[in-house]
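For reference, the structure discussed in these notes is given below.
Note that the numbering runs from 1 along the sequence shown for the chain. Please read these numbers as outputs of a predicted model, since none were measured by experiment.
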Amino acid sequence: MAQQVPVTVFGGPTALIEYGGMRFLTDPTFDDPGDYELPGGLVLTKTAPSRITPDELGPVDAVLLSHDQHSDNLDTSGRAFLAGVPLTLTTTDGAKRLGGTARALAAWESAELSRLDGGTVTVTAVPALHGPEGAEAISGVVIGFILTSPGQPTVYISGDNASLDLVREIAERFGPVDTAVLFAGAPRLPVFDGALVVLDGAQAAEAAEILGARRVVPAHCDSWAHFTEDREDIVKAFETAGIADRLKLG
């Protein structure tokens with residue numbers, strides 16, 4: 001059986017991925033419940049705290065930040081956390097806004113990170129679409145990530161993506177993947193007339209099949225009021241698709 005990559009989800013989009021002797025954290029959100037106002041008057045409400053604090057988390061080698069412009073992917077405590085991290089990989093615009101140790105990756109661009117054993121981990125940014133076609137003009141640019149390394153299984157982190165067409169492009173280049181960390185929760189916002197801005201459960205199951213994923217870890221499906229589905233909905237969708245055995249609820 002292929003080596004299992006440890007993935008632990010702490011709430012919302014925040015997950016720890018231990019890969020190639022390195023510790024990667026996705027979209028850090030550590031704030032207590034509360035409201036966040038976005039431009040245009042939209043308010044996002046966090047409903048549950050993170051299941052871990054930054055102090056409890058310990059050292060992280062790199063943050064994989066799908067985007068910085070929305071508080072449900074990078075909240076106030078998450079921004080403070082970035083100051084103590086050696087490297088944050090994120091979008092080109094996000095790196096400019098964040099400064100510090102943030103490094104820009106455009107879609108399909110890679111960064112080589114050194115492992116303690118002398119090897120390398122390659123982090124490749126992959127495209128994501130945060131809403132329906134044309135959403136970038138409102139929601140901004142978003143990326144996901146692929147992790148590869150000699151002797152290690154391939155890991156995909158979707159980021160806030162709602163496009164199965166992009167998943168197909170990623171599968172063509174990197175599939176089959178071993179572990180897919182899929183952001184879901186089926187959030188819908190009035191600015192897009194209720195269209196999905198991240199995958200729902202049925203789409204997550206379809207994405208898993210497109211990717212040929214052996215194991216799927218759902219994230220981004222709790223702790224925020226604008227998510228219209230939770231983990232139970234994802235489990236039901238995977239059961240309906242006949243692939244519930246692939247789910248790993250971190």
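A 4.5 Å side-chain heavy-atom check between Thr90 and Leu64 finds every atom pair outside the cut-off. Thr26 is not listed as a side-chain neighbour of Val181, based on a closest heavy-atom distance of 4.5 Å or more. Between Arg231 and Leu249, some side-chain heavy-atom pair lies under the 4.5 Å cut-off.
The side-chain contact (heavy atoms from CB on, under 4.5 Å) test with Phe30 is passed by exactly one of Thr53, Asp55, Leu57: Leu57.
Under 3.5 Å, the side chains of Asp160 and His220 contain a donor-acceptor pair of N or O atoms. Side-chain contact of Asp72 with His226: a donor-acceptor pair under 3.5 Å is present, judged by distance alone. Donor-acceptor pairing under 3.5 Å is lacking for the side chains of Asp27 and Thr14. Between the side chains of Arg115 and Ser149, at least one donor N or O lies within less than 3.5 Å of an accepting N or O.
Here the side chain of Lys248 pairs no donor or acceptor atom with the backbone of Thr179 at under 3.5 angstrom.
Within the structure, every pair that satisfies the salt bridge (charged side-chain N to carboxylate O under 4.0 Å, His left out) test and touches residues 185-207, not counting sequence neighbours, is listed here: Arg168-Glu206. Among residue pairs with one or both ends in residues 92-105, those qualifying as salt bridge (charged side-chain N to carboxylate O under 4.0 Å, His left out) are Asp68-Arg97; sequence neighbours excluded.
Comment: Arg214 engages Asp178 in a salt bridge, judged by a side-chain N to carboxylate O separation of less than 4.0 angstrom. The pair Lys46-Asp75 counts as a salt bridge, with a side-chain nitrogen and a carboxylate oxygen less than 4.0 angstrom apart.
Residues meeting the ring-ring contact (aromatic ring centres under 6.0 Å, His included) test with Phe10, sequence neighbours left out: none.
The aromatic rings of Trp108 and Phe174 sit parallel to each other, their planes meeting at less than 30°, with 60° as the upper class boundary.
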